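Working notes, beginning with the structure itself.
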Amino acid sequence: MLASVLPAAASSMSMGREPAVDLHNVLLDWQWSPFSIAVVVALLASASWYVTAVDRLDARGTHWSSWRTVSWIAGLFTIALALCSSVATYTNFTFVAHVMQHLLLMVIAPPLLALAAPMTLILQTTRRSWKSLVLKTLHSRVFAVIRNPVPVFFLYYLSMYAFFLTGALGYAMDHMWLMDLINLGFLAGATLFWWPMVGQDPIPRWNMNPGFKMINLLIGIPIESFLGVALLMKATPVASMYTLASTHTGGGVLWAATEFATVIALAPIYSQWTHADARAAKRIDARIDAGETIGPPVFEGHGIAATLKALRRD
């Protein structure tokens with residue numbers, strides 16, 4: 001029964017007709033192109049690796065937060081929704097769906113994956129040879145350049161302008177193989193942006209202070225707002241396959257959703273910030289209990305006091 005329903009649901013897209021927006025199509029109108037199948041296989045493999053690695057830790061008696069596992073699975077499922085579900089199907093007909101795909105790939109999936117601490121899991125569960133390879137990569141000059149927060153910041157925000165406010169979107173939608181590659185590029189770039197923002201993994205050379213993480217996100221609010229306003233004020237559709245009304249609605253969704261996501265993302269960053277101060281206070285208390293003489297406070301690390309000191313110094 002299901003095998004007969006899925007091809008029928010997907011046929012509307014292949015025939016060039018816009019599928020009706022109803023519960024049936026939203027749930028079942030998934031894409032089954034070679035690219036979509038490859039994505040599903042890769043996501044299932046990633047999920048299998050993560051769960052197996054966590055089981056390996058449990059067998060050794062090492063605790064791993066179940067919330068991290070949930071975050072990883074949720075992040076992978078979000079990518080599947082963006083690239084394989086009805087969201088991807090509707091991008092051929094309405095800009096609102098394209099904005100939703102963009103949000104799933106750049107605003108929702110990367111933070112969820114980062115919160116799962118995959119690099120920490122790799123280093124705790126793989127063989128020594130793989131650990132050495134991962135550490136060598138993380139400490140390489142190439143990674144230092146790629147992970148530099150300055151170009152990553154501009155890439156994350158300005159790439160949206162270049163894609164939505166030029167003819168790039170229309171050209172990519174007329175060449176779906178290119179659109180698929182661009183979507184993967186958006187996902188990779190957003191991962192580089194969000195990994196140090198909310199992630200639990202230590203990042204060599206660019207382990208950003210939580211206070212500066214919050215500043216980094218707050219700076220992006222007017223940038224994202226201006227893009228949403230620019231789309232709302234466009235006099236022509238953003239691409240030939242979309243209507244002007246869809247362009248305006250998509251701009252409004254992009255504006256509201258990115259601002260909301262930014263506010264939500266501040267919560268785990270603030271939690272990391274306050275925990276850093278709590279850990280620093282415990283270390284000082286332990287030194288006092290041990291009879292050490294504590295001089296004037298020297299604020300190091302990633303707490304609130306350290307951030308304020310760094311701001312005064314700069």
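Since the structure is predicted, the reported quantities are computational estimates derived from the model, not experimental observations.
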Exercise. Are Trp49 and Ile122 side-chain neighbours, meaning at least one heavy-atom pair lies under 4.5 Å?
Worked result: yes
For this session: Hey, could you give me the CE/CG distance between Met179 and Asp174, rounded to the nearest 0.5 Å?
Result: 11.5 Å
Exercise. Quick one: are Ile223 and Phe153 in side-chain contact, heavy atoms under 4.5 Å?
Worked result: yes
Exercise. Backbone N or O of Gly220 within a donor-acceptor pair of the Tyr156 side chain at under 3.5 Å?
Worked result: no
Exercise. Is a donor on one side and an acceptor on the other found under 3.5 Å between the side chain of Lys234 and the backbone of Leu244?
Worked result: no
For this session: Inspect the surroundings of CE in Met197 and state if more than 12 heavy atoms from other residues, nucleotides or ligands are less than 6.0 Å away.
Result: yes
Problem set entry | Over 12 non-hydrogen atoms of neighbours within 6.0 angstrom of CZ in Arg60 | yes
Exercise. Quick check: does any side chain N or O of Ser140 sit under 3.5 Å from a backbone N or O of Thr137, one acting as donor and the other as acceptor?
Worked result: yes
For this session: Could you tell me the separation between the CE atom of Met106 and the CG atom of Asn183, rounded to the nearest 0.5 Å?
Result: 10.5 Å
For this session: Report whether Ile264 and Leu113 are members of the same hydrophobic cluster (ILVMFWY, side-chain heavy atoms less than 4.5 Å apart, transitive linking).
Result: no
Exercise. Near Phe77 CZ, under 6.0 Å, is it more than 12 heavy atoms from other residues, nucleotides or ligands?
Worked result: no
Exercise. Of all heavy-atom pairs between Trp255 and Gly228, which one has the smallest distance, and what is that distance?
Worked result: CB-CA, 3.9 Å
Exercise. Out of curiosity, Leu83 CG to Leu105 CG, how far, rounded to the nearest 0.5 Å?
Worked result: 5.0 Å
Problem set entry | Side chain Ser71, main chain Trp67, donor-acceptor under 3.5 Å | no
Problem set entry | Between Tyr161 and Tyr157, ring centroids under 6.0 Å | no
For this session: Give a yes or no on whether Leu218 and Leu158 share a hydrophobic cluster (residues Ile, Leu, Val, Met, Phe, Trp, Tyr; joining criterion: side-chain heavy atoms under 4.5 Å apart).
Result: yes
For this session: Kindly work out whether a path of hydrophobic side-chain contacts (I/L/V/M/F/W/Y, heavy atoms less than 4.5 Å apart) joins Leu217 to Phe260.
Result: no
For this session: Examine distances only and state if a side-chain atom of Gln101 and a backbone atom of Thr91 form a donor-acceptor pair shorter than 3.5 Å.
Result: no
Exercise. Closest approach of Thr125 and Arg56, non-hydrogen atoms and distance?
Worked result: O-NH1, 3.5 Å
Problem set entry | Heavy-atom closest pair, residues Val96 and Ser246 | N-OG, 3.5 Å
Exercise. Between the main-chain N or O of Thr89 and the side-chain N or O of Asn92, is there a donor-acceptor pair closer than 3.5 Å?
Worked result: yes
Exercise. What are the two closest heavy atoms between Trp194 and Val107, and how far apart are they?
Worked result: NE1-CA, 4.2 Å
Exercise. Taking the six-membered ring for Trp, are Phe164 and His102 ring centroids under 6.0 Å apart?
Worked result: yes
Exercise. Are any side-chain N or O atoms of Thr94 and backbone N or O atoms of Tyr90, one a donor and one an acceptor, separated by less than 3.5 Å?
Worked result: no
Exercise. Taking the side chain as C-beta and beyond, is there a heavy-atom pair between Arg68 and Leu121 under 4.5 Å?
Worked result: no
Exercise. Which heavy atom of Val87 sits nearest a heavy atom of Ala82, and at what distance?
Worked result: CG1-O, 4.5 Å
Seminar exercise, completed: All heavy atoms of Gly251 vs all of Leu232, minimum pair found to be C-CG, 4.2 Å
For this session: Determine whether Phe163 and Phe154 fall in the same hydrophobic cluster, where Ile, Leu, Val, Met, Phe, Trp and Tyr are linked whenever their side-chain heavy atoms lie under 4.5 Å apart.
Result: yes
Problem set entry | Spacing of Leu76 atom CG and Leu44 atom CG [to the nearest 0.5 Å] | 9.0 Å
